[in-house]
Protein chains: 2
Amino acid sequence: MARATIFDVAELAGVSIKTVSRVVNREPNVRASTRERVEKAVAELSYRPDQSARNLASHRSHLIGLVYDDPAAYELPSAGYVISMQQGVLSACRSGLAELLIHPCNYRQKDVGAQLKSLIAETRPAGIIVAAPLSNMPKIVRAIEETGTPIVRISTGSKSGKQYSVATNDRDVCAEMTCYLASLGHKRIAFITGDPNHKAVAQRFTGYQDGLEQSGLKFSDRLVVAGDNSFGSGEACGEELLKRKNPPTAIFAANDDMAAGVVRVADRLGIEVPAQLSVAGFDDTALARQLYPSLTTIRQPLEEMAERAATMLLQGKCEDADADAKGTEIVPATIQIRESTGPAPG
Amino acid sequence: MARATIFDVAELAGVSIKTVSRVVNREPNVRASTRERVEKAVAELSYRPDQSARNLASHRSHLIGLVYDDPAAYELPSAGYVISMQQGVLSACRSGLAELLIHPCNYRQKDVGAQLKSLIAETRPAGIIVAAPLSNMPKIVRAIEETGTPIVRISTGSKSGKQYSVATNDRDVCAEMTCYLASLGHKRIAFITGDPNHKAVAQRFTGYQDGLEQSGLKFSDRLVVAGDNSFGSGEACGEELLKRKNPPTAIFAANDDMAAGVVRVADRLGIEVPAQLSVAGFDDTALARQLYPSLTTIRQPLEEMAERAATMLLQGKCEDADADAKGTEIVPATIQIRESTGPAPG
DNA sequence: CTGAAAATTGACAGCGCTGTCGTAATGCGA
DNA sequence: TCGCATTACGACAGCGCTGTCAATTTTCAG
């Protein structure tokens, strides 16, 4: 019961192996009747082309590489992100007869570029998906580009020019969240910014400003405090805001960890959420649901983004070096309304 | 700057391609001086063998399949586990010239078996690693075994007979933790059991009993309460234990979530941790570090286990159908002492 | 009908590597 | 030193497929 090869199929169908190859690869210029005969033989022998042989002969594989920051360095809140992206790519792969090769890598190492190149040399992937924050690092992107491998970047937040990439509308959705808070009657909506190096996080702040404007509220420096993405900074910023004589009635933090910090500090100060204070976050981490009260937040469509990226690659849309064809696809983020937000007091 | 092939290396090193092949594959019977020369040439040309060609010629791929429960179904606390295992397999792959193919799968679906078989048929992996809890499901294991693919099971907790598998010493390490608590002067050490269906969790309880005995403490039914692995059950069990007239001075929970529940309830009851009560958990989840006080717990060496499993596969140790050769490799778990445990009061 | 263009099919040479097996070099006891 | 067992190395035939290009058949305008 040895596995059938292309020769067996050819013989059974009474054609040459090349014709079988054409049928299997859905190439044109095969008479319908011939195609049928071959397909019947394929089915009869349950023939599956050997991937290794295909790859070797065609100089390309049906692998998709997913490159992301090595989460061991980040202490695993990022695990959820990574898993989501893997899921997304995998589901695109399933419908595209491809496989996923994961490649966590640590950009802090000197030789990441070389490592990537050697990975690509060995496996000759059909394309590479680079996730944020790596997708914004020239060192990484350039190494991949130099191999001539199609590349799609997943960058949460910013639209980038002449590359294939998929992004979210961080800015728009933050405006939307701000408008939502305003629509609940909040007049003093504070914002806690995050790590200024993180491009996407900066966009969120801009979105907040947009939202204020759209709601007819005026922006005030005093309502903005700077966090660093950590829970602790959320507590500190929350405390600062809430101890004022005229505290905000809503606080929008640039990520869930900081929002959780705010909730914690509100609890300590005896301020009820959401009755006296509304809190909103960003990311929709597991934490957001586990918290009490559960957190109103914004969900990044990581899985869909990854799926779109993989599909772009699989459809061969990214082989085109023509810069004009390049562009960014936007997958919208969505607001998750939960218990931590409510009507403004009074 | 076309990619270097084995011929280029052979020419530069002044040997035949076969010798290069031997060096690259770490085969024996190559003189040290020759090996060196070849390695130099490899480095100089940054030669990387083409996987497709290798696979085609050798009739086996250098892919390792990692099969685990689809975490989407579990709502992502499992993401950390999955990532750890991926890391482990990857690091074994790096030193073994192999690649990792991940395959999350949902055992609740009827056709998991068929899915697995077709994945294996297409990619012909060198071996499959099955992670818990899938590794304990005959449906899954049998489907893989029927393809003749070498399989290594990662089962946290239980030694299993005639299979290749890698496990941890749940029982021993729980005894150790219990002894540690006893050594701090605790006489009344309570235990909160978990989901009785979870084999590994049962072992933990046995280990606790061992530890008491080793420390010369007598086991008492009264100090054991049954949780269900959830935070809530930890709170409930903790409350029951702590409201007694002669409460335990240390509580060892079969997982971190329940331990966190105990910490929470202690806080509510005004009992100081660790001054008045020591709490220990199991799993070393992210929660354990984030909690205040941070939790003394037991870290499962998931990454090392996965690495061991991959190495077994890569070394071809698992091709042997000889049942006697099969066995379980134990990678010890380690105690992480943090802030939630301290000397017994008084 | 006829010739040329278009559509269809096949022969065959690799792709880059490993397995087999034969040959050359080396070690070693006497 | 010789003879023989080892050890080290190389020549070469594929692995199963795709790309190239030539051969064959079909189509169709004139």
Side-chain angles (χ1 to χ4, degrees), chain A residues 2-39 41-42 45-63 97 118 120-126 316, chain B residues 2-39 41-42 45-63 96-99 121-124 126 314 316 319:
Chain A
R3 183 196 172 98
T5 74
I6 199 170
F7 287 93
D8 303 324
V9 178
E11 193 177 350
L12 181 59
V15 298
S16 73
I17 58 165
K18 182 65 222 192
T19 299
V20 175
S21 170
R22 275 191 268 261
V23 171
V24 168
N25 293 297
R26 298 175 168 75
E27 284 172 31
N29 296 337
V30 179
R31 209 190 315 261
S33 61
T34 311
R35 184 179 298 278
E36 235 165 66
R37 215 146 26 96
V38 172
E39 273 164 357
V42 166
L45 298 172
S46 40
Y47 167 71
R48 307 279 317 184
D50 180 299
Q51 294 300 323
S52 298
R54 287 179 81 170
N55 299 347
L56 177 59
S58 66
H59 296 286
R60 63 208 155 86
S61 78
H62 295 188
L63 288 171
L97 294 169
S118 97
I120 293 172
E122 274 176 51
T123 62
R124 311 187 157 223
Chain B
R3 177 201 165 94
T5 73
I6 199 170
F7 288 92
D8 304 324
V9 178
E11 193 177 348
L12 181 58
V15 298
S16 74
I17 57 165
K18 182 64 222 192
T19 299
V20 175
S21 171
R22 275 191 268 261
V23 171
V24 168
N25 293 295
R26 299 171 168 75
E27 282 172 34
N29 296 339
V30 178
R31 209 191 315 259
S33 61
T34 311
R35 182 179 301 277
E36 235 166 65
R37 214 148 26 97
V38 171
E39 275 164 356
V42 165
L45 299 171
S46 34
Y47 166 71
R48 308 288 313 192
D50 181 297
Q51 295 300 325
S52 298
R54 272 173 31 120
N55 299 347
L56 178 58
S58 66
H59 295 285
R60 63 204 154 90
S61 81
H62 293 227
L63 287 171
L97 297 167
E99 301 297 339
E122 279 169 43
T123 62
R124 321 209 129 204
L314 256 18
E319 255 119 81

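- For dT18(C), one of the phosphate oxygens OP1 or OP2 lies less than 4.0 angstrom from a side-chain nitrogen or oxygen of Ser21(B).
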Point to revise | Stepwise side-chain contact (heavy atoms from CB on, under 4.5 Å) test for Ser61(A) and Thr123(A) | key: CA-CA 7 Å; Ser61(A) 78; Thr123(A) 62; 5.6 Å; no

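- You'll find the side chain of Val15(B) reaches within 4.5 Å of the side chain of Val38(B), heavy atoms only.
- The residue Asn25(A) sits close only to the backbone: its heavy atoms come under 4.0 Å of sugar-phosphate atoms, none of a base.
- A straight line from CG of Leu45(A) to C1' of dG16(D) spans 15 Å, rounded to a whole angstrom.
- Distance CD (Gln51(B)) to P (dC17(D)): 19 Å, rounded to an integer number of Å.
- Arg54(A) is linked by a side chain to side chain contact (heavy atoms under 4.5 Å, CB included) to Asn25(A), Pro49(A), Gln51(A), His62(A), counting only residues two or more places apart in sequence or in another chain.
- Here dC17(C) presents its P atom at 14 Å from CD of Glu27(B), a figure rounded to the nearest Å.
- Here dG16(D) presents its C1' atom at 7 Å from OH of Tyr47(A), a figure rounded to the nearest Å.
- One distance of note links CD of Glu39(B) with OG1 of Thr34(B); it measures 11.0 Å at 0.5 Å rounding.
- Here the P atom of nucleotide dG16(C) and the CD atom of Glu11(B) are 15 Å apart, to the nearest Å.
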Practice item. Classify every nucleotide of nucleotides 7-15 of chain C by which part a protein heavy atom approaches to under 4.0 Å, writing B for the base, S for the sugar-phosphate alone and - for neither, in 5'-to-3' order. Key: -BBBB--BB

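- At least one side-chain heavy atom of Arg22(B) sits less than 4.5 Å from a side-chain heavy atom of Thr19(B).
- Phosphate contact (OP1/OP2 of dC17(C), side-chain N/O of Arg60(B), threshold under 4.0 Å): absent.
- With sequence neighbours left out, the side chain to side chain contact (heavy atoms under 4.5 Å, CB included) criterion links Glu11(A) to no other residue.
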